[in-house]
Novice: 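Dropping the structure in here first, questions after.
For ligands, and for the atoms within them, numbers begin at 1 and follow the listed sequence.
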Amino acid sequence: MANVLRNSAKFGFSGVLSQLSIHSRHGRECVSPCFSLQQRNNSTSPKIKVDLDSSTGVAVLRMQSPPVNSLSLDFLTEFCINLEKLEMDRSCRGLIITSTLSKVFSAGLDIMEMYGKSPERCGEFWKAVQEMWLKLYGSNMATIAAINGSSPAGGCLMSIGCDYRIMADNPRYSIGLNETQLGIVAPFWFKDTLVNTVGNRAAELSLELGLLYSAPDALKIGLVDQLVPEDQVLSTAQDTMSKWLAVPGQNTLSHWLYRVRTLSLSHTGCTGSEHSPSHWLYRVRTLSLTLAVPGQNTLSHTGCTRSEHSPSHWLYRVRTLSLTLAVPGQNTLSHTGCTGSEYSPSHWLYRVRILSLTLAVPGQNTLPHTGCTGSEHSLSHTGCTGSEHSLSHWLYRVRILSLTLAVPGQNTLPHTGCTGSEHSLSHTGCTGSEHTLPHTGCTGSEYSLSHWLYRVRTLSLTLAVPGQNTLSQYTL
Ligand SMILES: CC/C=C\C/C=C\C/C=C\CC/C=C/CC(=O)SCCNC(=O)CCNC(=O)[C@H](O)C(C)(C)COP(=O)(O)OP(=O)(O)OC[C@H]1O[C@@H](n2cnc3c(N)ncnc32)[C@H](O)[C@@H]1OP(=O)(O)O
């Protein structure tokens, strides 16, 4: 198995998968190594242990699945069940996640879950991975990762899903989203979470190169928040947690308003197990727009049922406000916190969005294009053809175009509003008939995953196609 992991870098992950699915490393039918691993995964001993201190309201969740706390379906299921229980328990306000194993926090996704499995099983597994992230990143509890060992890939995701990270100051331990080094892809929500943690540039470098950081380097880029001697990781986490819980209104304002940006989009409206990524992420986008309608932000819109979820209510309205403020000459508060019936939500909402895009064109932000008031301003004008729409026209169309292109199997020119020969490279990177998915500018062998996936932001939208986002579709 160790060889398998090492070889994955050499052959690329898919190569490894196909090798594994048929043969062992010696070229024979894969029987014993798989079997032994299977046995390990099927172990009935609990993979998670939770201790809730009712006097402090802090739970410590210990991962105890040897040899490396890999995130198998069983592990993830148990993890999620425990998380859900704690979430429902109002006496629990803080959660610390740590490992009972020496040297390893979590090795990330269980690689053996990702080959030779039925599509149904893959779907189930992948859904569990997402659930873990959604539940953790969207938790109402303050969360701290007490990282007392290496934490690559999915282990890193779990860590950055928490509000705060304390890592053992041990030079042998590393952390990072190293998927690229394995020839696989860190999904865009891994990326988003990383970006939200370390910022754009560090995330780009990190993902493109598949970097694993030593503890001091992780601290330097902000991937972890604090290094402490190994034997103090848990106690420091407990001390730190008490500070988090001392913040007035914790689990409401500061936790929600200042942290969960990406997730807040994705979480609204979720009610259950149907959390398929595309479905939710896509709907969330739409939903969050809807939520931004002034005067209509009621809790029930967000899918939140707890009364403390008022911050999200404000969050959305604030977002609207900032969009609206981007309209030159029209920035009056009355536009945004508006209550009058003349403010029909869709009218403002859509115009504002479009407007803010248009405004992104240097030197061409004139009101006629943007703050236009005529009835012609319906959504359909985004494919506008008038010659006055020069640069802004293109920029805008390009954005639409790139969105459209992100729809697998649906990337035809008519969708983009383009009419023909003007499809030059400058628009999208596409040059013509190669308008297929790998085509968001790619023409061939340079289509290396990390290069495209992590730099071409638009491309990540590909995954947001409703009903079409199964990882297996792309990667298996
Ligand atoms: C199915 C879903 C549908 C589609 C998905 C398809 C494709 C996927 C597409 C996208 C997914 C992208 C997301 C990926 C996120 C991930 O998390 S991928 C996992 C990446 N993980 C790693 O790279 C970690 C690799 N492991 C290590 O670096 C080291 O093991 C570690 C530093 C954690 C510990 O080192 P050490 O203490 O020296 O232990 P060993 O290396 O000797 O390992 C001990 C045994 O554990 C086995 N093992 C290690 N990692 C994993 C793992 N992730 N899954 C399963 N098993 C693992 C290792 O092989 C050893 O076993 P052995 O004793 O040889 O039997």
Novice: Rounded at 0.5 Å granularity, tell me how far CG in L76 sits from CG in L71.
Specialist: 5.0 Å
Novice: Determine whether the side chain, the backbone, both or neither of L71 has a heavy atom under 4.0 Å from any heavy atom of ligand 1.
Specialist: neither
Novice: Which atoms of ligand 1 have any heavy atom of G154 under 4.0 Å away?
Specialist: 15 (C), 16 (C), 17 (O)
Novice: What about V68: any of its N or O atoms under 3.5 Å from an N or O on ligand 1?
Specialist: no
Novice: Provide the number and element of each atom of ligand 1 under 4.0 Å from a heavy atom of F125.
Specialist: 1 (C), 2 (C)
Novice: Hey, which atoms in ligand 1 end up nearer than 4.0 Å to a heavy atom of P152?
Specialist: 24 (C)
Novice: Is there side-chain contact between S150 and I175, with heavy atoms separated by less than 4.5 Å?
Specialist: no
Novice: Please could you name the atoms of ligand 1 that N178 approaches to less than 4.0 Å, counting only its heavy atoms?
Specialist: 23 (O)
Novice: Can you sort out which atoms of ligand 1 are near L182, meaning under 4.0 Å from one of its heavy atoms?
Specialist: 20 (C), 23 (O)
Novice: Evaluating non-hydrogen atoms only, which member of P67, G108, A107, C122 is closest to atom 22 (C) of ligand 1?
Specialist: A107
Novice: Donor-acceptor pair, distance only, cut-off 3.5 Å: does the side chain of K103 make one with the backbone of N148?
Specialist: no
Novice: Could you tell me whether some N/O pair between M112 and ligand 1 is separated by less than 3.5 angstrom?
Specialist: no
Novice: Does a side-chain heavy-atom distance below 4.5 Å link L109 with M114?
Specialist: yes
Novice: Do the side-chain N and O atoms of N196 and Y137 include a donor-acceptor pair separated by under 3.5 angstrom?
Specialist: yes
Novice: Just wondering, do S151 and R165 contact through their side chains at under 4.5 Å, heavy atoms?
Specialist: no
Novice: For ligand 1, note which part of V104 has a heavy atom under 4.0 Å away: side chain, backbone, both or neither.
Specialist: side chain
Novice: Evaluate the side chain to side chain contact (heavy atoms under 4.5 Å, CB included) criterion for residues T180 and L209: first the C-alpha distance (whole Å), next the side-chain angles of each, then the deciding distance (0.1 Å), finally the verdict.
Specialist: CA-CA 6 Å; T180 308; L209 297 171; over 6 Å; no
Novice: Could you tell me whether W126 and ligand 1 have an N or O pair separated by under 3.5 Å?
Specialist: no
Novice: For N69 and S106, which I'm curious about, is there any donor-acceptor pair between the side chains at under 3.5 Å?
Specialist: no
